[in-house]
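Structure record follows, encoded as C-alpha cells.
Remember, it's 1-based here, ligands and their atoms both numbered in the order they're listed.
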Amino acid sequence: MIINQGPKAFMVNTVLLTNISELVTVSQSGERCKRGAGLRELNIIRDGAVATRGDEIVWVGLTSELPRNIARDADVTIDCSGKTVLPGLVDCHTHFVFGGSRENEYAMRCEGKSYSEMAEAGGGIKSSMRATRELSLEQMIEIGRLHLDQMLLLGTTTVEGKSDYGLDFDTEIKLLRAMRELDDTHPATVVPTFLGAHVVPDGVSRTKYLSVVLEEMIPYIAEHRLAEFCDVFCDEGAFTVDEARFVLREGKRFGLIPKIHTDQFASFGGCELAAEEEAISADHLDAVRQSDIDALASNDIAGVLLPGCVFFLGLNKYAPARRMIDSNLPIALATDFNPGSCNIRSLPIIMTIACSKMRMHPREAIGACTLNAAFALGLSAQIGSIEVGKRADLVLFDADNSLHIPYECGHNLVNTVIKDGRVVVRDGCKLERNKETTLGKRA
Ligand code: NIG
Ligand code: FE
C-alpha cells in the first residue's frame with residue numbers, strides 16, 4: 001500500500017481511497033436496514049473510489065469517474081489495489097467492560113460441566129460481578145480501552161456496551177461512566193446500554209433488587225444521560241416476562257430505548273414483550289418460535305443473532321437465521337463479547353460461525369455486521385454503509401474480494417481503519433490511543 005500524505009499531512013481534512021478492488025458500499029439507496037433477499041445485495045463496486053471530508057463521506061463511485069478536483073485536493077491518498085473496503089464494522093451487542101476472566105469455567109465446560117451448573121455454583125455472571133465490583137473507574141476505563149483497541153484492529157468502529165456486571169448502584173453507574181469516557185477519548189464510537197436487570201445478585205431479594213433498578217438506577221442514569229438503551233435478560237434463570245416489562249417500561253418512561261436478551265435457552269415470551277414495548281432489538285433468539293419471528297418482523301424490530309455465544313458454550317442450537325431471512329426479519333450479527341459465554345472480540349470470526357453454522361451467505365453476514373447492526377442501534381442513518389453524507393468510517397482489508405473476510409477464519413485481514421475521516425489503524429497497527437491523531441483533529 002502506498003500512503004501519500006502530501007504537504008498537509010498534519011492537517012488532514014480529506015482522505016481519498018482509489019483503485020479499490022472491491023468496494024462494498026452495502027447500500028446506495030438510504031435504506032435503514034436490509035431484509036429478505038436484499039440482505040445479500042451489497043452494492044459492490046469494482047475498481048471503486050471513496051472520498052471523505054472532515055468526518056463525512058463526500059464521494060463514492062468508480063475510480064475512472066472520480067472528479068478531478070477531488071483527486072487534486074486530497075490530503076491523503078491511499079491506493080487500494082488488491083484491497084476490499086467495507087463500512088466500519090458495527091458490534092451492536094457486547095459486554096466489553098468487566099473485571100477478571102473465566103478461563104477456569106471454560107476449561108470445566110470443556111470437561112462437560114454446563115453453563116447453568118456453574119452459574120448455580122456461584123460462577124458465571126456472579127463471578128464476573130465480584131471481580132467487576134473490585135475495579136476503580138480508572139481500571140474500568142483501562143480495561144475497556146484495551147478491548148476497544150483490540151476490536152478496532154479487527155475492523156470494528158462502533159461498539160455497543162452493556163453495564164451489567166455491577167449489579168449494584170455504584171458499580172453499574174461506574175461502568176456506564178467508563179463507557180461515556182471511552183466514547184469521548186477512544187477513536188471508536190461507544191454506545192452505552194444499561195443492563196442492571198441481568199440477574200439478581202446474592203444477598204438481595206428479587207423485589208428489593210428490582211426496586212433499586214426501577215427507582216434508583218434508571219432515574220439516575222436518565223438524569224445524567226449515561227445510557228441510550230435499557231436492556232433486560234428475560235430468560236430461564238434470569239427475569240420473567242412480567243419483571244422485564246416493568247424494567248423496559250420504566251426505562252422508556254425515562255427516555256431509554258428498550259432492548260431485550262431473550263430466547264437464548266428457552267422460548268420465553270420475550271419477543272412478544274419486545275413487540276409490545278416497541279424494543280429496538282431482540283437479542284440471542286436461539287430458541288425463538290416462528291410466531292415470534294413474525295411479530296418482530298412486522299414491528300420493525302431487529303433480531304440480533306449471537307452465534308459466537310452458542311459456539312463458545314459448545315451448544316448446538318443456533319438461531320434459525322435462514323428462516324428469519326425468509327420471514328423478512330432484519331437480522332444483525334454481534335459478538336456478545338463477554339468473559340463467560342463468548343470471549344470473542346472479532347466480528348469476522350462471528351461472520352465465519354454465522355456462515356458455517358447458520359448457513360448465512362458471506363455477503364449476508366457482512367450486511368448483518370454493518371447496516372443491520374447499525375439499525376439495531378438506531379444509527380443506520382449515520383453509519384453502516386458507504387454513502388455520501390454518512391460518517392467516514394471505513395475498513396480496508398488485505399483481500400481482493402469480500403468473500404475472503406469470513407473465509408480466512410482467525411487471520412486478521414484488516415490493514416487500515418479510518419474512523420470519522422481519520423486514519424487510526426495503518427498496516428494493521430493502531431496509530432494512537434485517543435481521538436486526536438497526527439492525521440488531524442476530530443471534526
Ligand atoms: O449475553 N445472556 C446473558 N448474559 C450475557 C453474558 C453472561 C455471562 O457473563 O456468562 C450474554 O451472554
Ligand atoms: Fe449479551
For Tyr220, which residues count as a ring pair (Phe, Tyr, Trp, His ring centres under 6.0 Å) partner, sequence neighbours excluded?
Phe169, His224
First-shell residues of ligand 1 [heavy atom, distance under 4.0 Å]
His93, His95, Arg102, Tyr115, Ile125, Tyr165, His198, Phe233, His261, Gln264, His284, Cys309, Asp336, Asn338, Gly340, Ser341
Output yes when Glu172 and Arg133 qualify as a salt bridge under the 4.0 Å nitrogen-oxygen rule, no when they do not.
no
Electrostatic pair Arg249:Glu277 at N-O distance under 4.0 angstrom
yes
The atom of His95 among N, O or S that is nearest the Fe ion (ligand 2) is NE2
Cys342 near the Fe ion (ligand 2) via N/O/S, less than 2.8 Å:
no
Does the structure place the NZ or CZ of Lys357 under 6.0 Å from the centre of the six-membered ring of Tyr318, at an angle of no more than 45° from the ring's axis?
no
Which donor-acceptor pairs under 3.5 Å do side chains of residues 118-127 form with protein atoms, sequence neighbours excluded?
unit_1: Lys126; atom_1: NZ; unit_2: Asp202; atom_2: OD1; d: 3.0
unit_1: Ser127; atom_1: OG; unit_2: Gly124; atom_2: O; d: 3.2

Any N/O/S atom, backbone or side chain, of Asp336 lying under 2.8 Å from the Fe ion (ligand 2)?
yes
Could you note down all residue pairs passing ring-ring contact (aromatic ring centres under 6.0 Å, His included) where residues 123-147 supplies at least one of them, sequence neighbours left out?
Phe98-His147, His147-Phe337
Tell me whether Lys83 is salt-bridged to Asp400, with the criterion being a basic N under 4.0 Å from an acidic carboxylate O.
no
Is there an N/O/S atom in Cys309 at a distance below 2.8 Å from the Fe ion (ligand 2)?
no
Examine His93 and say whether one of its N/O/S atoms is closer to the Fe ion (ligand 2) than 2.8 Å.
yes
Any chance you could lay out the salt bridge (charged side-chain N to carboxylate O under 4.0 Å, His left out) test for Asp300 and Arg35, step after step, and finish with the verdict?
CA-CA 10 Å; Asp300 276 340; Arg35 302 167 185 261; 2.2 Å; yes
